[in-house]
Amino acid sequence: MAGRYSVAIVGGTGRLGYDVSRVFLDEFHTTFPTVRVLTRDPSTAKAQDLAERGALLQVFDLEDVAQSLAEAFAGMDVVINALPTSTPADVKRQVAQSAVQNGVKVLFLSEFGVDHSRNDFPGYDHHEWETKRQLASEAREIARGTPTQVIAVYPGLFLESGLNPFMGFDLDNNVFSCFGSPAQKITFTSKADVGRSLARLSTLALEPLTADKVPDELRISGTVVSFEDVRDLVAQAKGVQRAVVRSEGIEQVKNRLRQTPGTHVADYIRVLMGEGKLDFSNDNSNSLVNPAEAFWRWKSVNDLLLEA
């Protein structure tokens, strides 16, 4: 039987962190009775909602990051870094340092997106991913020889926010545009399912009998669809005509990126989508975190459309 553990969620009221916090509080309270949420402003509606659900709120003071983290991580088994990409690298660096110094057993890096190890942008990769790689390397070096396992989880695109016009999915206007083949599959995972996966991975990594099964890097795949699939689902859900998916050649786009490296990261992600590097359907750890959907049913695009 799983033990009773504790988790600290840095950025626990943010775009991803809020959903992760709610999952731990609502669905995994028996296993994780202590959920500490670090937030810059504990008076916000999200922070107060989490407190009512049982979260212990901790002020995350950016003027004294080291002290805030030391207080928050003391006695914690798991730390989840859910800080956004815009957070200064030094702050994320201190999260890793403090987690290791405080004897945290499991540290989840601030990844939760594209598996950028698959990128093929030689000499013009996006600086966000270069920073992520550097921080991951530093965190693993800091944790070397300590009890802390450093884990990176790649869920593809968030289901709730990935289907947007910047990614080529204008659901409101029934307009779709992709780079490469519109039949290419793409992984989307709901934020709540990311939270469930983190809770399961935490439990597996903390339990002696299963700890060695948890890799340092892994992909999860909530649902896998193509532009054509989404187009068809939208037509069915809204009762509209099936749109034509416009497509642009991948090499043409990559040539543009070579000329203007550091362009909006969405264009890079759309290239990865077209190249099949965001199709995790045959290369994921779903059977580890949620074998045969024994613990929950992965949320689908159709589920999302029905909610709307």
Item to check | Residues Leu304, Glu307; criterion side chain to side chain contact (heavy atoms under 4.5 Å, CB included); working and verdict | outcome: CA-CA 5 Å; Leu304 184 72; Glu307 288 178 359; 4.2 Å; yes
Item to check | Verdict with supporting geometry, Tyr5 and Val78, side chain to side chain contact (heavy atoms under 4.5 Å, CB included) | outcome: CA-CA 8 Å; Tyr5 302 119; Val78 179; 5.6 Å; no
Item to check | Audit row: Val106, Thr148, side chain to side chain contact (heavy atoms under 4.5 Å, CB included) steps and yes/no | outcome: CA-CA 5 Å; Val106 181; Thr148 304; over 6 Å; no
Next on the checklist: If you apply the rule side-chain hydrogen bond (donor to acceptor under 3.5 Å, both in side chains), what do you find for Ser6 with Asp77, and how did you get there?
Outcome noted: CA-CA 5 Å; Ser6 55; Asp77 295 305; 3.2 Å; yes
Item to check | Residues Ile80, Val7; criterion side chain to side chain contact (heavy atoms under 4.5 Å, CB included); working and verdict | outcome: CA-CA 7 Å; Ile80 298 172; Val7 57; 3.9 Å; yes
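A continuous path of hydrophobic side-chain contacts links Phe32 to Leu201 [ILVMFWY only; heavy atoms under 4.5 Å]. In the hydrophobic clustering of this structure, Leu171 groups with Ile269; members are Ile, Leu, Val, Met, Phe, Trp, Tyr whose side-chain heavy atoms approach within less than 4.5 Å, directly or through other members. Taken together through direct or relayed side-chain contacts under 4.5 Å among Ile, Leu, Val, Met, Phe, Trp and Tyr, Trp129 and Phe179 form part of one hydrophobic cluster. Side-chain heavy atoms closer than 4.5 Å link hydrophobic residues (I, L, V, M, F, W, Y) into clusters, and following such links, even through other members, never connects Val175 to Val301. No single ILVMFWY cluster, assembled from side-chain heavy atoms under 4.5 Å apart, contains both Phe280 and Val224.
Figure legend: Arg200 and Phe295 shown as a cation-pi pair, the cationic atom lying under 6.0 angstrom from the six-membered ring centre and within 45 degrees of its axis.
Ion pairing between a basic and an acidic side chain is recognised when a charged N comes within 4.0 Å of a carboxylate O; Arg144 and Glu141 show such pairing. The residues Arg256 and Glu248 are annotated as salt-bridged, a charged nitrogen and a carboxylate oxygen being separated by less than 4.0 angstrom. Under the 4.0 Å criterion applied to side-chain N and carboxylate O atoms, Asp193 and Lys299 are not assigned as salt-bridge partners.
For Lys191, the salt bridge (charged side-chain N to carboxylate O under 4.0 Å, His left out) criterion is met by Asp19, not counting sequence neighbours. With sequence neighbours excluded, no residue forms a salt bridge (charged side-chain N to carboxylate O under 4.0 Å, His left out) with Glu293. By the salt bridge (charged side-chain N to carboxylate O under 4.0 Å, His left out) test, Asp41 is found to be paired with no residue, residues two or more places apart in sequence or in another chain being considered. With sequence neighbours left out, the salt bridge (charged side-chain N to carboxylate O under 4.0 Å, His left out) criterion links Glu275 to Lys254, Lys277.
Through direct or relayed side-chain contacts under 4.5 Å between Ile, Leu, Val, Met, Phe, Trp and Tyr, Leu209 connects to no other residue. Residues near Leu56 contribute nothing to a hydrophobic cluster around it, because no ILVMFWY side-chain heavy atom sits closer than 4.5 Å to its side chain. Grouped by direct or indirect side-chain proximity (heavy atoms under 4.5 Å, Ile/Leu/Val/Met/Phe/Trp/Tyr only), Leu109 sits with Val10, Leu38, Phe60, Leu62, Val65, Leu69, Phe73, Met76, Val79, Leu83, Val91, Val95, Val104, Leu107, Val150. Alongside Val100, the hydrophobic cluster contains Ile142 (criterion: ILVMFWY side chains under 4.5 Å).
Of the possible donor and acceptor atoms, none in the side chain of Asp279 sits under 3.5 Å from a partner among the backbone N and O of Ile186. In this structure, the side chain of Ser177 does not engage the main chain of Arg246 through any donor-acceptor pair within 3.5 Å. Side-chain atoms of Asn255 come within 3.5 Å of backbone atoms of Glu251 as a donor-acceptor pair (strictly under, hydrogens ignored). Side-chain atoms of Asn290 do not come within 3.5 Å of backbone N or O of Arg297 as any donor-acceptor pair. Looking only at distances, a side-chain donor or acceptor of Asp61 sits under 3.5 Å from a matching main-chain atom of Glu63. Distance alone, capped at 3.5 Å, places no donor-acceptor pair between the Arg4 side chain and the Thr31 backbone. A donor-acceptor pair under 3.5 Å is formed between the side chain of Ser21 and the backbone N or O of Gly17. At least one donor-acceptor pair closer than 3.5 Å links the side chain of Asn284 to the backbone N or O of Ser281. Under the 3.5 Å distance criterion, the side-chain polar atoms of Thr189 are matched with a main-chain donor or acceptor of Gly222. A donor-acceptor pair under 3.5 Å links the side-chain atoms of Asn174 to the main chain of Gln241, judged by distance alone.
To the nearest 0.5 angstrom, Glu71 atom CD is 5.5 Å from Gln58 atom CD. Here the OG1 atom belonging to Thr131 is positioned 8.5 Å from the CD atom belonging to Gln134, to the nearest 0.5 angstrom. The distance from atom CG of Leu272 to atom NE2 of His126, rounded to the nearest 0.5 Å, is 11.5 Å. The CG atom of Leu157 lies 8.5 Å from the OG1 atom of Thr187; values are rounded to the nearest 0.5 Å. Atoms CD and CG, from Gln149 and Asp212 in turn, are 10.0 Å apart once rounded to the nearest 0.5 Å. Between the OG1 atom of Thr203 and the CG atom of Leu198 there is a distance of 10.5 Å, given to the nearest 0.5 Å.
Considering all non-hydrogen atoms of both residues, Phe24 and Ser202 come closest at CZ-OG, 4.3 Å. For Thr146 against Ala143, the heavy-atom pair with the smallest separation is OG1-O, 2.7 Å. Shortest non-hydrogen contact noted between Leu25 and Ala55 is CD2-N, 3.5 Å.
Ring-plane geometry between Tyr124 and Phe121 is classed as perpendicular, the angle between the planes exceeding 60 degrees on a 0 to 90 degree scale with a lower cut at 30.
Legend: ring pair (Phe, Tyr, Trp, His ring centres under 6.0 Å) pairs involving residues 197-223, not counting sequence neighbours: none detected. Among residues at least two apart or in separate chains, there is no ring pair (Phe, Tyr, Trp, His ring centres under 6.0 Å) pair with a member in residues 91-115. Residue pairs meeting the salt bridge (charged side-chain N to carboxylate O under 4.0 Å, His left out) criterion with at least one member in residues 150-177: none, sequence neighbours excluded. Within the structure, every pair that satisfies the ring pair (Phe, Tyr, Trp, His ring centres under 6.0 Å) test and touches residues 206-246, not counting sequence neighbours, is listed here: Phe169-Phe227.
Aromatic rings of Phe158 and Phe188 (six-membered ring for Trp) have centroids beyond the 6.0 Å cut-off, not under it. Here the two rings, on Tyr154 and His116, have centers that are under 6.0 Å apart.
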